[in-house]
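Quick notes on the structure that follows.
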Amino acid sequence: MNASTSPTVVIVPGLRDHVADHWQTLLAERLPDVRTVPPLEHDKLSRAARVAALDDVLREIDGPVVLVAHSAGVMITVHWAQNPTRPIQGALLATPADLELPLPDGYPTTDDLDRNSWNPIPRGRLPFPSIVAASRTDPVGCFRRIAGMAETWGSRLVDLGDVGHLNPAAGYGYWPDAENLLRQLLDSTALPVRS
């Protein structure tokens with residue numbers, strides 16, 4: 001795929017602030033045309049504010065877009081997809097956080113998430129092709145439940161095995177499978193990567 005037709009990759013982080021050694025940050029450094037949804041300064045737990053922030057980034061982009069979401073960023077993406085404002089070429093949805101069930105200490109409570117309209121998680125078919133990459137040992141998402149979500153979203157499920165939450169705390173900085181899955185998502189057409 002040449003530079004003029006390469007999609008813009010939009011990184012959709014989860015609820016945590018920017019982490020320099022997170023795989024999404026490192027992926028953004030390797031690809032030629034990337035935008036990242038910025039962290040919120042106010043209403044940090046507001047689902048509506050997070051969806052609006054994603055929509056703001058998407059409205060600024062001309063041409064095709066591929067979304068790369070992680071954790072609660074997946075939920076931001078599926079909520080946005082209920083009323084999309086533009087076409088999306090595809091989405092890589094990595095280790096979705098199951099916000100309907102209690103999360104480990106250090107994460108928002110289910111009551112806080114409910115008050116901020118995160119639940120229920122949308123279960124309708126997504127209006128774009130997608131891959132859900134799920135972990136067998138994710139403390140914020142049971143593989144079986146995530147597999148069920150992937151099925152209702154019409155996503156292809158990729159079993160990542162034992163990768164925890166696929167974040168630096170689980171030992172993941174650079175994640176080369178992200179680029180491989182992006183290539184698969186785009187029908188085996190490689191995205192240009194900076195040397």
Side-chain angles (χ1 to χ4, degrees), residues 1-3 5-37 54 57 64-78 80-81 88-99 103-104 107 121 126 128-195:
M1 183 173 276
N2 65 43
T5 61
S6 295
T8 299
V9 174
V10 174
I11 304 288
V12 188
L15 297 178
R16 305 271 174 152
D17 289 329
H18 176 80
V19 178
D21 58 347
H22 193 284
W23 67 267
Q24 285 180 305
T25 308
L26 299 171
L27 177 66
E29 293 170 359
R30 295 180 56 82
L31 300 176
D33 192 6
V34 177
R35 297 283 312 274
T36 299
V37 177
L54 170 57
V57 169
V65 171
V66 173
L67 303 173
V68 176
H70 175 253
S71 187
V74 174
M75 298 310 154
I76 294 164
T77 299
V78 298
W80 176 87
I88 298 297
Q89 187 169 343
L92 172 58
L93 308 172
T95 57
D98 186 349
L99 304 180
L103 299 173
Y107 287 90
I121 294 169
L126 296 175
F128 43 78
S130 58
I131 294 173
V132 170
S135 170
R136 292 273 177 179
T137 55
D138 192 341
V140 300
C142 166
F143 183 84
R144 201 145 107 210
R145 281 182 53 91
I146 299 303
M149 290 177 205
E151 183 176 353
T152 64
W153 295 335
S155 304
R156 181 166 70 93
L157 178 67
V158 173
D159 183 344
L160 298 178
D162 177 11
V163 298
H165 193 48
L166 195 65
N167 60 5
Y172 285 86
Y174 176 61
W175 179 45
D177 285 345
E179 290 171 66
N180 296 333
L181 291 170
L182 277 173
R183 287 183 180 103
Q184 290 174 29
L185 186 65
L186 298 172
D187 299 323
S188 302
T189 302
L191 289 171
V193 178
R194 287 186 191 146
S195 302

Please find the pair of heavy atoms, one from Gly164 and one from Pro139, that lie closest to each other, and give the distance. C-CD, 4.1 Å

Looking at every heavy atom in both Ala28 and Ile11, which two are closest together, and how far apart are they? CB-CG1, 4.4 Å

The criterion is side chain to side chain contact (heavy atoms under 4.5 Å, CB included); which residues satisfy it with Leu126, sequence neighbours excluded? Val78, Ala81, Leu93, Phe128, Ser130, Trp153, Ser155

Restricting to salt bridge (charged side-chain N to carboxylate O under 4.0 Å, His left out), what partner residues turn up for Asp98, sequence neighbours left out? Arg145

Can you list the residues that meet the side-chain hydrogen bond (donor to acceptor under 3.5 Å, both in side chains) rule with Asp138, with sequence neighbours excluded? His165

Look up atom CD in Glu179 and atom CG in Leu26, then write down how far apart they are to the nearest 0.5 Å. 10.0 Å

side-chain hydrogen bond (donor to acceptor under 3.5 Å, both in side chains) involving Trp80 - partner list, sequence neighbours excluded: Asp55

Tested for side-chain contact (heavy atoms from CB on, under 4.5 Å) against Pro7, the lone hit among Leu182, Leu186, Leu185, Leu31 is Leu186

Would you compute the distance between atom CG of Asn180 and atom CD of Gln184 and round it to the nearest 0.5 angstrom? 7.0 Å

Set of residues satisfying side-chain hydrogen bond (donor to acceptor under 3.5 Å, both in side chains) with respect to Thr8, sequence neighbours excluded: Asp33

Which residue pairs pass the salt bridge (Lys or Arg N to Asp or Glu O under 4.0 Å) test when at least one of the two sits in residues 164-174, sequence neighbours left out? none

Hey, are the side chains of Ile121 and Met149 touching, using non-hydrogen atoms and a 4.5 Å cut-off? yes

Taking every heavy atom of Ala20 against every heavy atom of Thr25, the minimum-distance pair comes out as O-CG2, 3.5 Å

Taking Tyr172's backbone N and O only, do any of them form a donor-acceptor pair with Trp23's side chain (distance below 3.5 Å, no angle check)? no

Which residue pairs pass the salt bridge (Lys or Arg N to Asp or Glu O under 4.0 Å) test with at least one member in residues 153-169, sequence neighbours excluded? Arg136-Asp159

Rounded to the nearest 0.5 Å, what separation is found between the CG atom of Leu160 and the CG atom of Asp177? 7.0 Å

Less than 4.5 Å apart, side chain to side chain, heavy atoms only: is that true for Val10 and Leu54? yes

Looking only at non-hydrogen atoms, find the nearest pair between Ala72 and Ala97 and report the distance. N-CB, 3.8 Å

Applying side chain to side chain contact (heavy atoms under 4.5 Å, CB included), name anything that partners Ala169, two or more places apart in sequence or on another chain. Asn167

Using a 3.5 Å distance criterion without hydrogens, assess whether the side chain of Gln24 forms a donor-acceptor pair with backbone atoms of Val12. yes

Is there side-chain contact between Ser135 and Leu166, with heavy atoms separated by less than 4.5 Å? no

Could you tell me if the side chain of Pro13 sits less than 4.5 Å from the side chain of Val37, heavy atoms only? yes

